[in-house]
Participant: 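Take a look at this one; I'll ask things after.
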Amino acid sequence: MNQSKRQLTINGSNKKVRISKHGTHIEDLSNELIIEVFDYLDGCDLYKAFSKLNKRFQDILSCPYIRPKINIVNSSKRDILFDYTKIILPNKHQIVSICILNPLAIDLFSQTMKFDLSFHRLESVVLYGLKASDLVALLLTLISIPQLSLLIITLTDINIKDFSNAYRLIFSLPALKYNKLHFIGPTPSLYLTNINIRPSTITHLNIDHACYLNDVVHMLSYTPYLRRIVFGKLMQSYRNIEKITLSLPYLTHISIGKCYLQFDELDIFIKKISSQLQMLRISTCDDETYLDPDRWERLISKYIPYLRNFYFEYHQLVNDNFQTTSYNELIHRFTSEFWRERRWIFKLEMNVNFFFLTNVVYSIHPYRENWDEIHKEHWNSNIALDVFNGTELSIFESSFTDYNDSLIDNLAPLFDIVQITKLDFTFEATFVGMLLDLLRYLPNLNSLRVRSLSLTKPRCLHAEEERISRLISIDNKIRKVHIQQMTDLEQIQFLINICPLMQYLDIGFSDNMDLKLLLKFILMKNREQISHLRVLCLCTPRINQKMFEDLQNLVRMKKQYQKYTIKHINNRIYIQR
């Protein structure tokens, strides 16, 4: 709390806190503490609760340290008009933020409320559901607000052809730092060339709608202080941008939600912006040139050498006739020394849609701890794996995945190109037949994670799959296994059977599982098959001290367990050889 607040006196009295045997009431708090509490309350609720309570609270509400924040979410027309006439209008000289997430309220406010100099403390305006026809009129009134630094507007219309005047006014707001304009319709025009406006104060710009690259380049010439920019959709230019000069010396972050540029256009754009860029996020499709690691390496090394965080996704739809191209065959270079030294990880993701088309996502992201590393301080480091060698494959949830027998065979050419070392199933229950199909093509796999296993749905394994499972158990190199939601011991038995070299087993289960039974099943019944097991991690939402002590006594009493140690950390029990 600043010194002026500490010295706050209203009507010559700064009340002290009085604590009695009956407890402390809000009236007992000092004025400055009441002001601190009021700062966390919604402005409308604040005035409704305290404005007519007594003179002391009326005086506090009128003091300059009260900073009302108005939030209108779900209200009737009557309530909205009451808030406007009885709360907002009389106190507009104190309000610091207005957030309206109710389209009805937006409509009523557009007809009745006008922003003017009386809102001299207003810093933030968030409006959801504004009509496009009211946008320019609203922005014209906001120009008179001297301290407005944040403006977020979501438009409901889908037939807007031109945003030129809107952005001209946005860039004219005298103190604006952050702006987001959301619109889901077709790509509007942005003619901002040769307009006479002063440089904008904006540092964070979120263009959350489709826009053409050449329009954006002209627009950015008016934002010299820009530090971060986000694009919803960035579309191909309809004019050449090579001759346009652009200087953004402070720009460090760019995010493109959906990039429809050809790589050549993106290359030109990147070369025009600041070499100080530190974060680049881009999701794209169609142009396979994006899958050329060497071209990315040249662009990054020469033109954005300070790039620290690179998030890249390339989406490719494949069908039953999938054939790899020359660009697909380059993707293994995303694991070269250039990428490893920057700690950027290459990953493959697969998802099947309703038409049995597989969406394959090739992605790059900065290194972050994976499931098999988060708890590495609790187990022997000699079974740790080099996360920068090999590629992770994630299979995303789809109700059709288990029924598409040809899915894995169609994607087999990709598995020959990259060395898959980690496999992660994210959907609720993985059919073991699908898992076996995948393992046939992943000879270098050393880490496996599933949420749960299904041994019978959509069907039981046929004889050929049983034979494949026996072959896989001989050849696979899986060292780490994690099952997040074990429901029966058969699932564990299946994993033990196909992963005989397993060294680390992490099991998650519900409260009704008998821990003693589980421990005996793994360490006694399967002791011959788990001769390589070094760490067994048991994770359940509620592990109490008695449960741990029972397991501890079991480990001590059983002669077969005496080579293991046991420890309890948070909701996990580690049993380590």
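Numbers here simply count residues along the sequence, with the first being 1. Only heavy atoms go into these numbers, but all of them, side chains included; no hydrogens, no water, no symmetry mates.
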Participant: Taking side-chain hydrogen bond (donor to acceptor under 3.5 Å, both in side chains) as the test, write out the residues that go with D208, two or more places apart.
Facilitator: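 So D208 forms a side-chain hydrogen bond (donor to acceptor under 3.5 Å, both in side chains) with H182.
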Participant: Return the minimal non-hydrogen interatomic distance between S30 and R56, and the atom names on each side.
Facilitator: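 Heavy atoms of S30 and R56 come nearest at C-NH2, 3.8 Å.
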Participant: Distance-only, no hydrogens or angles: does the Q94 side chain make a donor-acceptor pair with backbone N or O of L61 under 3.5 Å?
Facilitator: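 Confirmed, Q94 side chain pairs with L61 backbone.
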Participant: Could you list the donor-acceptor pairs under 3.5 angstrom formed by side chains in residues 129-147, with sequence neighbours left out?
Facilitator:
{"from": "T141", "atom 1": "OG1", "to": "L138", "atom 2": "O", "distance (Å)": "2.6"}
{"from": "S144", "atom 1": "OG", "to": "T141", "atom 2": "O", "distance (Å)": "2.9"}
{"from": "Q147", "atom 1": "NE2", "to": "H120", "atom 2": "O", "distance (Å)": "3.1"}

Participant: Is the centre of the F425 ring less than 6.0 Å from the centre of the F427 ring?
Facilitator: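 Between F427 and F425, which both carry aromatic rings, the centre distance is below 6.0 Å.
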Participant: Holding to ring-ring contact (aromatic ring centres under 6.0 Å, His included), I want the full list of residues that pass it with F50, two or more places apart in sequence or in another chain.
Facilitator: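 With neighbours one apart ignored, the set is F38, F57.
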Participant: With F115, which residues qualify under ring-ring contact (aromatic ring centres under 6.0 Å, His included), at least two apart?
Facilitator: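 By the ring-ring contact (aromatic ring centres under 6.0 Å, His included) rule, F115 matches F119.
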Participant: D157: which residues meet the side-chain hydrogen bond (donor to acceptor under 3.5 Å, both in side chains) condition with it, sequence neighbours left out?
Facilitator: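 Partners of D157 under the side-chain hydrogen bond (donor to acceptor under 3.5 Å, both in side chains) test: none.
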Participant: With sequence neighbours excluded, tell me which residues meet side chain to side chain contact (heavy atoms under 4.5 Å, CB included) with K177.
Facilitator: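 Per chain and number, K177 pairs via side chain to side chain contact (heavy atoms under 4.5 Å, CB included) with S149, T201, T203.
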Participant: Just checking Y327 against Y290, ring centres under 6.0 Å apart?
Facilitator: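 Ring centroids of Y327 and Y290 are no less than 6.0 Å from each other.
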Participant: Show your working on side-chain contact (heavy atoms from CB on, under 4.5 Å) between I100 and I98 and close with a plain yes or no.
Facilitator: CA-CA 7 Å; I100 306 177; I98 294 178; 3.8 Å; yes
Participant: Can you list the residues that meet the side-chain hydrogen bond (donor to acceptor under 3.5 Å, both in side chains) rule with E337, with sequence neighbours excluded?
Facilitator: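 E337 satisfies side-chain hydrogen bond (donor to acceptor under 3.5 Å, both in side chains) with R340 only.
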Participant: Listed by chain and number, what are the ring-ring contact (aromatic ring centres under 6.0 Å, His included) partners of F334, not counting sequence neighbours?
Facilitator: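 ring-ring contact (aromatic ring centres under 6.0 Å, His included) check on F334 returns W339, F346.
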Participant: Are side-chain heavy atoms of Y178 and I202 found at a separation under 4.5 Å?
Facilitator: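 When only atoms from C-beta onward are counted, I202 and Y178 do not touch, as no gap falls below 4.5 Å.
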Participant: Given side chains that start at C-beta, do those of M235 and C211 come closer than 4.5 Å, heavy atoms only?
Facilitator: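 The answer is no; the side chains never approach within 4.5 Å.
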Participant: Could you tabulate the donor-acceptor pairs under 3.5 Å formed by side-chain atoms of residues 253-264, not counting sequence neighbours?
Facilitator:
{"from": "D264", "atom 1": "OD1", "to": "R295", "atom 2": "NH1", "distance (Å)": "3.1"}
{"from": "D264", "atom 1": "OD1", "to": "R295", "atom 2": "NH2", "distance (Å)": "2.6"}

Participant: Excluding sequence neighbours, so at least two apart, what forms ring-ring contact (aromatic ring centres under 6.0 Å, His included) with Y212?
Facilitator: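 Partners of Y212 by the ring-ring contact (aromatic ring centres under 6.0 Å, His included) criterion, ordered by chain and then number, come out as Y238.
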Participant: Does the ring centre of F310 sit less than 6.0 Å away from the ring centre of W296?
Facilitator: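 W296 vs F310: aromatic centres under 6.0 Å.
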Participant: Just to verify, what does K347 make a side-chain hydrogen bond (donor to acceptor under 3.5 Å, both in side chains) with, not counting sequence neighbours?
Facilitator: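 In terms of side-chain hydrogen bond (donor to acceptor under 3.5 Å, both in side chains), with neighbours along the sequence ignored, K347 is linked to S394.
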Participant: Excluding sequence neighbours, so at least two apart, what forms side chain to side chain contact (heavy atoms under 4.5 Å, CB included) with V37?
Facilitator: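 None.
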